[in-house]
Amino acid sequence: MKYFQEKGDQYKLELLEGFKGQSITLYKQGAFTDLCRGTHVPSTGFLKFPKLLSIAGAYWRGDSNRQVLTRIYGIAFPKKQMLEDFIKMREEAEKRDHRKLGKELELFMISQTIGGGLPVWLPNGTLVRRLLEEFLRNELIKRGYQEVITPHIGNLNMYRTSGHYPYYADGMFPPIKFTDETGREEEYLLKPMNCPHHHQVYSSKPHSYRDLPIRLAEFGSVYRYEQSGELSGLSRVRGFTQDDAHIYCTHEQLKAELVNAIDLTQLVFKTFGMEVKTRLSFRDPANKEKYAGDDAMWDQAEREIQEVAEEMGLDYFIGIGEAAFYGPKFDFIVRDAIGRKWQLGTVQVDYVMPERFELEYVGNDNAKHRPVIIHRAPFGSMERFLSILIEHYAGNFPFWIAPVQVSVLPITDDQIPYAQELTKRLTDLGYRAKLDDRAEKVNRKIAESEQKKVPFALVIGKKEVESGQVAVREHGVGDKGAMSVEAVLEVFAGLKNA
RNA sequence: GCCACUUUAGCUCAGCGGUAGAGCAACGGUUUUGUAAACCGUCGGUCGUUGGUUCAAUUCCGACAAGUGGCUCCA
């Protein structure tokens, strides 16, 4: 301790205060001696090929009320080739950045005139989104969900009842206050989540145990005031749409419903081939004031979640302090192109809101009972899901969700009528085909089709018109030669659904 | 919100104490073309905003805004 006093290192001294009575380790490198739990490399000589990556401010001991230290990030490899590979990998990752590809492929935009963190879905992005919604909606129908639509604002008192307002006022846009024509003051909140609205749907009529489970789904747009420094492309925004649903069930049904909800989430990740980590998000018992509900409720809910995880054979880890204030949850976490982790899907158990909103059902004992609520969103947010999807595919969307699926490219004006006829035929069959009838060289048309990452280009020249064929070029593969139109349609039919 | 950096044409980017330049795109022509970008011409910018220093600021300094990388937060 004396050593660090002489050095005037207040930070290490503070750490030492906390370590009183414990053994500590010091590492030495030349004239530099560091207090660290370890492990350090024995000597900087082991760092053969270093590169400094970035510099950033970081709060001392992770506390935003304390001073900011400058943190320098760097990496070192034992071999030069490994460093070069690493740099190359990073460059490749940057090419996948959804903000870059989102612009190039005209999927979305963010306009400062509209507002930061408020993404606009351009026609191409909207197409992808609608296809994702359609995919999920089909599953919801199979799984007994009912869709609802609720307003974008709600009375502030509803959020006082739910407890969201006291907990998250900082993370919401400030209330809309006004006095109506009778002189009564009202306060509304731009909705930061859909839950309380759905609870109102549930309690709009009495329920029998025979009705349960009731599964209410909505692609619900919500607005949250994220800190300005947190905004990032489509990953972290102030306005987004959750593929939300709330399942109201009896306690006996809880586990089966959790399994169903997790199964749906896994279907989503499997469909898109995404690698996902499952986190069981539990409360931090040392911080009980951050959570609603009593110990017995939390212990039970966490136990149930873990049992389901075990029974389903999920490969999971536990995140202490990651729970919602009303209950523990399963969170499904994926990485973006540069390795940052984002939560996409979530499945949450909630015993608190049924109490707060006095939700009821009549059991077979003719007595009133509280249902349990499962909150779940397999995509999480459509915006964030798209950001991951773009980076996952590097913009090369599979056929079924590609905004444009087929480019039809006549070589000269003579082939335009044939090309128009083919385009119409494809469009009539429900394919998203685009005719490029400009007076450009076919090389140019192909280049642009490839840059837009259109899965197929159908080149039509004199030969194809004469033989009633098309020359097929597959994105990322190349020229596949001439095929009959029928054969092409067969290929497309095979790719139509997922 | 905090720390650092960045902000020049629709896009990607040069440049600089003496009021700006390229490629692509757009537009007008010419070209009718066989698997990744034909040719010629035209248009296009109060150099993020706002103060200051200076004879003179897009350039230097400050503030603000937005973006980027982190931190904190994330129902």
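Numbers restart at 1 for each chain; the letters A, B, ... are given by sequence-line order, proteins then strands. Both backbone and side-chain heavy atoms feed into the values below; hydrogens, waters and symmetry mates do not.
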- [ ] Please round to the nearest 0.5 Å and tell me the distance separating atom CE of A:M382 and atom CD of A:E133.
- [x] 4.5 Å
Task: Distance-only side-chain donor-acceptor flag, A:H98 / A:E383, under 3.5 Å - done: no
TODO: Provide, to the nearest angstrom, the distance between the CE atom belonging to A:M172 and the P atom belonging to B:C73.
DONE: 18 Å
Task: B:G69 phosphate, OP1 or OP2, under 4.0 Å from A:R99 side-chain N/O - done: yes
TODO: Under 4.0 Å between any heavy atoms, over every strand shown, what does A:Y167 touch: base, sugar-phosphate, or nothing? Just pick one.
DONE: nothing
Open item on the list: In this structure, how many angstroms lie between the C1' atom of B:A66 and the CD1 atom of A:I114, rounded?
Closed with: 15 Å
TODO: Could you tell me the separation between the CZ atom of A:R238 and the P atom of B:A75, rounded to a whole number of Å?
DONE: 17 Å
- [ ] Spell out protein contact along nucleotides 34-50 of chain B as letters: B when the base is contacted, S when just the sugar-phosphate is, - when no protein heavy atom is under 4.0 Å; keep the 5' to 3' order.
- [x] BBBBB------------
Open item on the list: At less than 4.0 Å, is any side-chain N or O atom of A:S64 found next to OP1 or OP2 of B:G1? Yes or no.
Closed with: no
- [ ] Rounded off to whole Å, could you give me the CG-to-P distance for the A:D63 and B:C71 pair?
- [x] 15 Å
Task: Spacing of A:L231 atom CG relative to B:C2 atom C1', expressed in whole Å - done: 15 Å
- [ ] Grab the CG-C1' distance between A:L101 and B:U12 for me, whole Å please.
- [x] 15 Å
- [ ] Examine the side chains of A:S484 and A:E486 and answer whether a donor and an acceptor come within less than 3.5 Å of each other.
- [x] no
Open item on the list: Please tell me if A:R236 has a side-chain N or O lying less than 4.0 Å from either OP1 or OP2 of B:C73.
Closed with: no
TODO: Would you tell me whether A:T150 and A:K191 have side-chain atoms, one donor and one acceptor, within less than 3.5 Å of each other?
DONE: yes
Task: For B:A4, the Watson-Crick or wobble counterpart (both distances under 3.5 Å) - done: B:U68
Open item on the list: Need one value for A:R438: base, sugar-phosphate or nothing, where a base atom within 4.0 Å counts as base even if backbone is also close, heavy atoms only.
Closed with: nothing
Open item on the list: Under a 3.5 Å cutoff, is there a donor and acceptor pairing between the side chains of A:H199 and A:Y248?
Closed with: yes
Open item on the list: If you compare every side-chain N and O of A:R61 against the phosphate oxygens of B:C71 (OP1, OP2), does one of them come in below 4.0 Å?
Closed with: no
Task: Aromatic ring proximity, centroids under 6.0 angstrom, A:Y159 and A:Y168 - done: no
